[in-house]
Amino acid sequence: MRVLLGVTGGIAAYKAALVLRLLKEEGHDVRVVPTAASLNFVGRATWEALSGHPAPTDTFEDVPSVQHVRLGQRADAVLVAPATADFLAQMAAGRATDLLGNALLATEAPVLVCPAMHTEMWNDPAVVANVATLRSRGVTVLEPAVGRLTGPDSGPGRLPDPEDIVGAFHGMVDPTPEPFSVLTVGTWGDLDGVSVVISAGGTREPIDAVRYLGNRSSGHQGFALAEAARERGATVTVVAANVTLPLGEGIGRVDVETAAQLADAVREAATEADVVIMAAAVADYRVAEASATKLKKDGDAGLTLELVQTEDVLAGLAALRREGQIIVGFAAETGDASGSVLEHGAAKARRKGADLLVVNEVGESKGFGTAANSVVMLDAAGEPVAEASGPKLAVAHAILDAIVRLR
Ligand code: CTP
């Protein structure tokens, strides 16, 4: 999940570093926007080192990327910790005096605000009114903890412990966790400018004018990969084999039917691609001589079709890959007497020569057409490097994470 962490100018800003670390450990991609005042407490270098991203403060930094709007628009969740009394006033008034104020006005994501201040300030009628205003607008405002404050004072107003803040964050973004609870969905533009070609769906090999040999692939996983890659900044082209699903705006689409058409379309698109993902279920065999007219029954006689192998697109792409190009394959396996799903997958990884092979178990109610998926990713030597399960979009992001690690 893409989390925007706002840090405002209070002594408890150091605790936000621990909040950031906990969120990162959970796999979230966090961008920090500190206010200018907060930099008196914790410096920008800390935020940049811990988040792995720039930590801008000013609206006029990096103007071409329009980040004062983008940061808020792209966030899946926003967390402000600590939030000063002045920040609460600014937010309640809807003021965009700095980058954090702008981002908050531009976001539609859920917002968790964690105030920290002296007890007298927390009880001040202006602060009480501002908190009520924010809550009435749907902002989650965490109650401060009771305890030691700056100087000799103690009472309500202390920033809750980082674990409690992260717990409240979970409560906000994931109130009813699914068993798989995949929160790692999406990162900030880590595929900006990367060209990705994805094959999706299942090919159909004609038998005659009306019949074909096909498979059960729905195209959902390939399309989810396309949406996820686009969301992360990639330029995406999908070669879709018999997929009826729509694709989001800005994604290129080439529709094909047969393995031969898919091979041509993928090969052409792949010449310019940085990453090629072969998510399509491509027929291994086609009918040697498909009939141009409808085949008629011949009395009681059976029918024998002669099949010939199609070209292995993935192996061909892997053999001819350009320097730096990443080739990703899928392996739909059922497991059988000669080996388990993973054993077959590992053998296929070595045979095909792809940089990454995404193995999923298919069969009755598994893989094809279902909303969720469960995969293990193998490297070229057949060693497992990652696994993911959950909705196909979450699995798509996990596959892209593995691809980003290869770049
Ligand atoms: N693939 C391909 N061209 C083919 C067949 C498959 O490019 N003619 C690709 C698929 O898109 C997928 C990978 O190869 O990325 C593995 O597909 P799969 O059907 O699991 O493997 P097969 O090559 O058919 O191997 P086997 O028959 O041993 O299962």
Side-chain angles (χ1 to χ4, degrees), residues 196-206 212-226 229 237-243 254 256-270 273 275-288 307-321 325-363 366-369 373-380 382 392 395-396 399-400 402-403 406:
V196 179
V197 171
I198 300 167
S199 72
T203 59
R204 291 177 183 172
E205 306 307 316
Y212 59 82
L213 294 172
N215 61 67
R216 294 185 200 278
S217 179
S218 62
H220 275 107
Q221 186 62 73
F223 274 42
L225 273 161
T237 303
V238 174
V239 176
N242 310 295
V243 186
V254 183
V256 297
E257 191 182 343
T258 64
Q261 290 166 358
L262 181 137
D264 287 346
V266 170
R267 232 192 330 267
E268 189 183 333
V275 179
V276 184
I277 306 176
M278 285 294 295
V282 186
D284 291 329
Y285 299 94
R286 65 176 173 80
V287 177
L307 303 181
V308 292
Q309 283 206 14
T310 57
E311 166 189 350
D312 191 324
V313 187
L314 176 62
L317 289 169
L320 296 175
R321 78 157 78 59
Q325 193 177 41
I326 295 174
I327 309 290
V328 180
F330 270 66
E333 303 289 350
T334 56
D336 56 24
S338 66
S340 67
V341 168
L342 270 191
E343 284 163 351
H344 282 309
K348 194 170 285 182
R350 291 189 287 268
R351 196 169 69 239
K352 298 251 183 182
D355 301 292
L356 192 72
L357 192 77
V358 182
V359 183
N360 67 337
E361 192 175 355
V362 290
K366 280 190 186 143
F368 290 153
N373 204 359
S374 179
V375 302
V376 178
M377 292 165 246
L378 307 178
D379 65 13
K392 285 184 173 170
V395 169
I399 294 168
L400 294 175
I403 291 171
L406 287 173

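Source: prediction; values computed, not measured. Counting convention: from 1, in listed order, for ligands and their atoms alike.
Of the options Leu314, Val275, Leu320, a side chain to side chain contact (heavy atoms under 4.5 Å, CB included) to Ile327 is made by Leu314 and by none of the others.
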I'd like the atom pairs linking ligand 1 to the protein - N or O on both sides, separation under 3.5 Å - with distances to 0.1 Å.
unit_1: ligand 1; atom_1: 3 (N); unit_2: Val313; atom_2: N; d: 3.1
unit_1: ligand 1; atom_1: 7 (O); unit_2: Val313; atom_2: N; d: 3.3
unit_1: ligand 1; atom_1: 7 (O); unit_2: Leu314; atom_2: N; d: 2.7
unit_1: ligand 1; atom_1: 8 (N); unit_2: Thr310; atom_2: OG1; d: 3.3
unit_1: ligand 1; atom_1: 8 (N); unit_2: Glu311; atom_2: O; d: 2.9
unit_1: ligand 1; atom_1: 11 (O); unit_2: Met278; atom_2: O; d: 3.4
unit_1: ligand 1; atom_1: 11 (O); unit_2: Ala280; atom_2: O; d: 2.7
unit_1: ligand 1; atom_1: 14 (O); unit_2: Lys352; atom_2: NZ; d: 2.9
unit_1: ligand 1; atom_1: 15 (O); unit_2: Met278; atom_2: O; d: 2.7
unit_1: ligand 1; atom_1: 15 (O); unit_2: Phe330; atom_2: N; d: 2.8
unit_1: ligand 1; atom_1: 15 (O); unit_2: Phe330; atom_2: O; d: 3.2
unit_1: ligand 1; atom_1: 20 (O); unit_2: Ala332; atom_2: N; d: 3.3
unit_1: ligand 1; atom_1: 20 (O); unit_2: Lys348; atom_2: NZ; d: 2.6
unit_1: ligand 1; atom_1: 21 (O); unit_2: Lys348; atom_2: NZ; d: 2.8
unit_1: ligand 1; atom_1: 23 (O); unit_2: Lys352; atom_2: NZ; d: 2.5
unit_1: ligand 1; atom_1: 24 (O); unit_2: Asp284; atom_2: OD1; d: 2.9
unit_1: ligand 1; atom_1: 24 (O); unit_2: Asp284; atom_2: OD2; d: 2.6
unit_1: ligand 1; atom_1: 25 (O); unit_2: Lys348; atom_2: NZ; d: 3.4
unit_1: ligand 1; atom_1: 27 (O); unit_2: Asp284; atom_2: OD2; d: 3.4
unit_1: ligand 1; atom_1: 28 (O); unit_2: Arg351; atom_2: NH2; d: 3.1
unit_1: ligand 1; atom_1: 29 (O); unit_2: Lys348; atom_2: NZ; d: 2.8

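Not counting sequence neighbours, the partners of Asp264 by the salt bridge (Lys or Arg N to Asp or Glu O under 4.0 Å) test are Arg267.
Under a 3.5 Å cut-off, the side chain of Glu311 and the backbone N or O of Ala260 do not form any donor-acceptor pair.
Taking 4.5 Å as the limit, every side-chain heavy atom of Val287 sits out of range of all side-chain heavy atoms of Tyr212. Contact annotation: the side chain of Thr237 never approaches that of Glu268 to less than 4.5 Å [non-hydrogen atoms, C-beta and beyond].
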Would Thr258 and Arg286 count as a side chain to side chain contact (heavy atoms under 4.5 Å, CB included) if you check the C-alpha gap in whole Å, the side-chain angles of each, and the deciding distance to 0.1 Å?
CA-CA 9 Å; Thr258 64; Arg286 65 176 173 80; over 6 Å; no
